[in-house]
Every structure is written in C-alpha cells, then in structure tokens.
Amino acid sequence: MNHRILLASVGLVALFAVDAASAQDCNRYQWACQGWSGSPRGLIGPLVAPRQMAPAPEPGPYEAPVQRTALDPTLGAQYTRMYSAVRGEPFAVPAVNLAEIDPGYLRKEVYYPTREAPGTIVIDPYNHFLYFVEGNGRAIRYGVGVGREGFGWSGVAEIRDKQAWPDWYPPKEMIQRQPELRRQLSELRSGVGVPGGTRNPLGARAMYLWQGNKDTLFRIHGTIEPWTIGKSVSSGCIRMINQDVMDLYDRTPVGAKVVVLSSR
C-alpha cells in the first residue's frame, strides 16, 4: 500500500440518534445493565447473551441482528444532515441515499458495556457493526460490510497507518480471482493499482490493520457501494459509508487497538 500520502483531517460534527430502552429490557438482561448509573437510556434491546468471543478481553455484549424497519421520521432530519454531501474534500462525497440502507445500520450512540479502553474499536462481523468505545458504558455504533464466506477473520490488531483518499493496490491473489480488475488498474508510485478518488473501492478514508510487525492486508475503509453496508460481501476488509469512515478516522489515532470478534 502507498504509505506516503499525507494525512488529511476533516472536522465533522457527529449527530447521534440514541435508542431508548424499556425497564423490561434491563429486567430481562440485567447483566447488560450492571454498572450503568441512572436510567439505561441508549440500551439497544433486546440484547442476547454473549457468544464465544475472539481471543480478547471481553469486548462487550453482542446484539440481536438488526431487523429492517422504516426510518423513524423524527430522526429523518438528523440523518439527512449526518449523511449529506461533504464539502471541502479533494473529491466529491455525495449525500447518501438513505433508502438504500437499513436504518439499523446508520450511525448512533448506544449503550455498550465493555472492559476495553476508550478509543478501542470493536468489530462484530456477525451483526455487521463496528463500535468506537467512548467509555462509561457508551459507544458509537456504525454499520459495516464485512468479508463474505471464507474471507472473514478475527483477533486483535492495531491501526498502524491512516490515509485520506488512499490508492488501492489489490493483492495478486485478488487479481487472479477477478481478472476483470486489470481494466481498472494503472501504474502508480507503489505499483499497479487504482488511484485515490471517486472510483476507488477504498473510498474517502482507510485505516490499515497490523498484527505485530505484519500487515494483515485488512483495512477499515470507505466504500463507493454504500448499499452493501450490513452485508457480507468483501474480501475481508471492513467497509463503511464514507461519511461514517470519515467520522471514525477523525476520532481514531494511529496505534489504536482493534478487536475483531468471531463471526459466530
């Protein structure tokens, strides 16, 4: 990958829609409400007991799979602003067509008790969620697209690099599997790939995951196909809506811990 692109910082104001939980949720899932002072506002219900997790310190509860519902009209204006076109970028970031995405996968602040430190990213590929841990039982939850069958992975990694509008250099194994990709590739500074821009599959931002001194070749990145959020379609990378990955990018420093849970 090209690690010589200068990082860009974009100041985005995040607007969060907070789910409300009933007392019944806490009565039924008391383990999930322990340690939360006051009313458990923001608890997503119903929760389910945790499944076997990846080898990492109890990152938090799993949630029941999102059931598609209509977008709450009271939140429509907030989401329209949150996912509006982004100005001041080198390339166009168009507004998101919210009709293409299940509302359950739109960005929101949620109740998420975990022993992970604030600033940790926890990815739940089974439910297609990424959590940015804020602490005090709270997290920002984003919907993601994840690896299709045979391309998933789990474990603990570290963000070793971040790039805005990154070039994309597909691995040779991917080109062998998808020879039609060759038509999109050109000679760049670090090899054959697709330059950063509106045609680039990595979208507006990318964060590169390493384990020790080894590049996992997996990334958290944007997408030019936002309708794939909530689906298992990638070659293992974690894809996000461009507006969401830009928000996460600004919150996440190089060196941040990333916990990827088991897909089952």
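- Pairing each heavy atom of Pro94 with each of Ala92, the nearest pair is CD-O, 3.6 Å.
- Considering only heavy atoms from C-beta on, Val156 stays 4.5 Å or farther from Val258 through its side chain.
- Looking at Arg205 and Trp165, their side chains come closer than 4.5 Å, going by heavy atoms from C-beta outward.
- At distances below 3.5 Å, not a single donor-acceptor pair connects side-chain atoms of Asp215 with backbone N or O atoms of Trp210.
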Before giving the answer on side-chain contact (heavy atoms from CB on, under 4.5 Å), spell out for Phe91 and Arg199 the whole-Å C-alpha distance, their side-chain angles and the decisive distance to 0.1 Å.
CA-CA 10 Å; Phe91 303 96; Arg199 293 177 49 252; over 6 Å; no

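- Nearest approach of Val122 to Tyr112, heavy atoms of both residues: CG1-OH, 3.5 Å.
- Each of Val93, Val96, Ile101, Asn97 was compared with Tyr83 under the side-chain contact (heavy atoms from CB on, under 4.5 Å) criterion, and only Val96 meets it.
- Taking CG of Asp247 as the start and CG of Asn242 as the end, the distance is 12.5 Å to the nearest 0.5 Å.
- Residues Met240 and Ile224 are members of separate hydrophobic clusters, defined by side-chain heavy-atom contacts under 4.5 angstrom among Ile, Leu, Val, Met, Phe, Trp and Tyr.
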Would Ile140 and Arg251 count as a side-chain contact (heavy atoms from CB on, under 4.5 Å) here? Give the steps.
CA-CA 11 Å; Ile140 301 170; Arg251 298 176 185 277; 3.3 Å; yes

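- At least one donor-acceptor pair under 3.5 Å links the side chain of Lys231 to the backbone N or O of Trp227.
- Contact annotation: the side chain of Val260 never approaches that of Phe218 to less than 4.5 Å [non-hydrogen atoms, C-beta and beyond].
- Considering all non-hydrogen atoms of both residues, Ala256 and Gly119 come closest at CB-O, 4.1 Å.
- Without hydrogens or angle criteria, Asp124 side chain to Leu130 main chain gives no donor-acceptor distance under 3.5 Å.
- Between the side chain of Lys162 and the main chain of Thr252, a donor-acceptor pair closer than 3.5 Å is present.
- Looking at every heavy atom in both residues, Tyr208 comes nearest to Asp167 through OH-O, 4.4 Å.
- Using the six-membered ring where Trp is involved, His128 and Tyr105 have ring planes that are perpendicular, over 60° apart on the 30 and 60° scheme.
- Pairing each heavy atom of Glu225 with each of Thr228, the nearest pair is O-OG1, 2.7 Å.
- The CD atom of Gln243 lies 8.0 Å from the CZ atom of Arg107; values are rounded to the nearest 0.5 Å.
- Looking only at distances, no side-chain donor or acceptor of Asn136 sits under 3.5 Å from a matching main-chain atom of Arg138.
- Pairing each heavy atom of Ala206 with each of Tyr249, the nearest pair is O-CE1, 4.0 Å.
- Among Val133, Leu248, Val259, the single residue meeting the side-chain contact (heavy atoms from CB on, under 4.5 Å) criterion with Ile121 is Leu248.
- In this structure, Pro166 and His221 have side chains that are not in contact, with every pair of non-hydrogen atoms separated by 4.5 Å or more.
- The distance from atom CZ of Arg239 to atom CD1 of Ile220, rounded to the nearest 0.5 Å, is 14.0 Å.
- Distance check: Ile241 CD1 to Glu100 CD gives 10.0 Å after rounding to the nearest 0.5 Å.
- Linking ILVMFWY residues whenever their side-chain heavy atoms come closer than 4.5 Å, directly or via other members, places Ile229 and Leu98 in the same cluster.
- Annotation: the span from Arg219 atom CZ to Ile238 atom CD1 amounts to 12.5 Å, rounded to 0.5 Å.
- Using a distance-only test at 3.5 Å, with no hydrogens or angles considered, no donor-acceptor pair links the side chain of Arg160 to the main chain of Gln211.
- Summarising the geometry, atom CZ belonging to Arg115 is positioned 14.0 Å from atom OG1 belonging to Thr120; distances are rounded to the nearest 0.5 Å.
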